[in-house]
There are 2 protein chains.
Amino acid sequence: MKSITIKDVAKALNVSISTVSRAFNDKYDINPNTRDLILKKAKEMGYQPNPIARKLIQKRSYNIGIVVPEFIHSFFPKVIIGAQEVLIEKGYQVLIMQSHESSITELRNTKTLVNNMVDGLIISLCAEDKNVEYYKSLVSTEIPIVFFNRTLEEIEAPKVLFDDYKWALFTTEHLIRQGYTRIIHLAGDMNLTLTKNRIKGFKDAHRKYKLDDFKIIYSGFSMTDGEVTAKTLIDKKKVPQAIFASSDYCAIGAMKTFKNFGYSIPKDIAICGFSESDMSRHISPPLTSVEQPTHLIGQTAANLLIEQIENKKAFIPQTIKLNGSLNIRESSVKLNL
Amino acid sequence: MKSITIKDVAKALNVSISTVSRAFNDKYDINPNTRDLILKKAKEMGYQPNPIARKLIQKRSYNIGIVVPEFIHSFFPKVIIGAQEVLIEKGYQVLIMQSHESSITELRNTKTLVNNMVDGLIISLCAEDKNVEYYKSLVSTEIPIVFFNRTLEEIEAPKVLFDDYKWALFTTEHLIRQGYTRIIHLAGDMNLTLTKNRIKGFKDAHRKYKLDDFKIIYSGFSMTDGEVTAKTLIDKKKVPQAIFASSDYCAIGAMKTFKNFGYSIPKDIAICGFSESDMSRHISPPLTSVEQPTHLIGQTAANLLIEQIENKKAFIPQTIKLNGSLNIRESSVKLNL
DNA sequence: ATTATTTCCGATAACGTTTCCGAAAAAGAT
DNA sequence: ATCTTTTTCGGAAACGTTATCGGAAATAAT
């Protein structure tokens, strides 16, 4: 399977390889007629420029690395799809890696990508991230990088975030308006910007209604986290009227546990989740959840990254905050008695 | 950000670049002492071999393309993770693309990957695949390629398949033993090997119990497919005693529709799904489902591909059939009256 | 002590492009 | 008709590696 090169095309037409190159890159200093001729002949011969040779001389890999905590559940895949769409459109290839919520794996993955000369990175941190210093050094070496959703305040880089404050506030308000007053927020990792903002929204909602009987538990994002926390609350007889969870999985874990112990949802306890998982609509009762614009998050991050890559000088790191919606379902709606 | 090259290392130690190269590739004709010296100095200088230059001369991209119908739901991501694990371990990078269940997109994606000089491909076809000829030509040009799960009989290439026949038979038998006799199988696309094998198992189970009141409907894999088919059955008053669906999503779609129309699961209709989605355990009633060894499928496919790439001559295309399990849950268990 | 063998390393050619420089040919200006 | 400018192209260097070949030094064999 001998592959055919630019030389073969040049020879076939009795032109120089420079000319063939010019034809393929649509340079200004080539006669349109010869260009068409070359392109036609090249197509005929089945010639395709070797991307690797091109990358070598251009000193760019046209690879973009994306690092996410996981892509088993639908949230991150949806973001990735959004990003991949715009990146592929612009001629980039995408390398996806998972940290499996491990700070160490995340670091190793990122380093692998950097060593493989990615032109840029799109990252969402794992829950308990300890790589701040590394990311700071990456940013300062000027490798283009965009963070989305899960990030840390200390890192000064372009970010695409969800408006966690606003929607946490809104969701809490929804619960309060339904008549629930003793609410617990199951939060994610306390260092994440996202967690801080949601807590702020949670508190401000209470403040707005002059309530102060709320509580925050740093449980984590997973279903197991939800289960464990619910069990603890039951054991300690501190079951609240409502729960606002860090994720749908956490919410569902809690919900299942409460149900197993005879609590009825939403009669005894109302529950809200976050990030609109696949399941929310289909479990019983259907789960109220904040929906994030996953696709848009991915697209925005990708565009921000490309802007940074192709326009390095003029680039100023910015934080883009995106909006969402609250899908209200049975799990948080007080029944009419 | 001037990157440092093999030349810099060579100059710093007053050796030739050949020697440095030898040190990094652990060739036999280098003195262990000088090798260590070079490696140490290189690390000190922060030198990393440029993978692109290496790829160019070795005429290998060390990229592997994976094409799947989608990676929103958990099945394909899990397979991909399995594959990625072994590929990264062996120094390959992974490019993932989705066909979105479109034959055209699938073709375009695959061509993009081939043009980008992937060293091999791992593919799972979209439902209604029309690219047989292209795949045949790919196989004949000897680009290493492995198909998994969704494939076509006409394609002669290494395949990693689930033992659909066995588990369809087993699942149907389970339903029959529960006392359900009028069973409908909601099948996937009729051209896929997987569909044919499942139908065969479905039929053989009936044969085994000397039953013949079964029916096959080619519905498709999605939740909507399940909903539509269920609605049709209700409208036509042809609701069976049990349903064996092509996927969990199809099963859940049907289940919801039946429930909405007042049927009770499993009292009025028993339902079984396929592929153990995230949701199966958590919906109500919990869904019986055939579980596939997703991780192992990915690993096996990757190993098969690597074998093919690195050992091209001696390679004979083989089909590997993997085993699974049936997770029996409420949705298919006849209640004791 | 001489020859044969091994061990180790350097020089140089590749890999397939793009880019830079310069020059021939064509077109325009005077 | 001569000079200037533009258009269009070819030659050669460069990108950072690995692979091939050959040769010097070191070791072993006779």
| query | Between B/S16 and C/dG10, is there a side-chain N or O to OP1/OP2 distance below 4.0 Å? | reply | yes

| task | Would you please say whether a donor-acceptor pair under 3.5 Å links the side chains of B/E106 and B/Y135? | result | yes

| message | Which nucleotide wins on minimum distance to the side chain of A/T19, given the candidates C/dT17, D/dT18, D/dG10? | response | D/dG10

| field | Side-chain donor-acceptor pair present, A/Q93, B/N63, cut-off under 3.5 Å | value | no

| query | Can you find a donor-acceptor N/O pair under 3.5 angstrom joining the side chain of B/S18 to the base of C/dA11? | reply | yes

| task | Can you figure out which of D/dC9, D/dA14, D/dG16 approaches the side chain of A/L56 most closely? | result | D/dG16

| query | Pick the nucleotide of DNA chain D nearest each of B/K27 and A/N14; which residue has the one closer to the 5' end? | reply | A/N14

| said: Tell me whether the count of non-hydrogen atoms from other residues, nucleotides or ligands lying under 6.0 Å of CD in B/E128 goes above 12. | reply: no

| said: Checking contacts here: which listed nucleotide (C/dT17, C/dC15, C/dG10) is nearest the side-chain heavy atoms of A/A53? | reply: C/dT17

| request: Would you mind telling me which of C/dT19, C/dG16, D/dG16 lies closest to the side-chain atoms of A/S21? | output: C/dT19

| So which nucleotide from C/dT17, D/dC9, D/dT17 ends up closest to the side chain of A/N31? | D/dC9

| task | Would you indicate, yes or no, if D/dT17 has its OP1 or OP2 atom less than 4.0 angstrom from a side-chain nitrogen or oxygen of B/Y47? | result | yes

| field | B/I30, nearest nucleotide to its side chain (from D/dT18, D/dT8, C/dC9) | value | C/dC9

| query | Below 3.5 Å, does any donor atom in the side chain of A/D29 face an acceptor in the base of D/dC9, or the other way round? | reply | yes

| Is the phosphate of D/dA14, meaning OP1 or OP2, less than 4.0 Å from a side-chain N or O of A/K59? | no

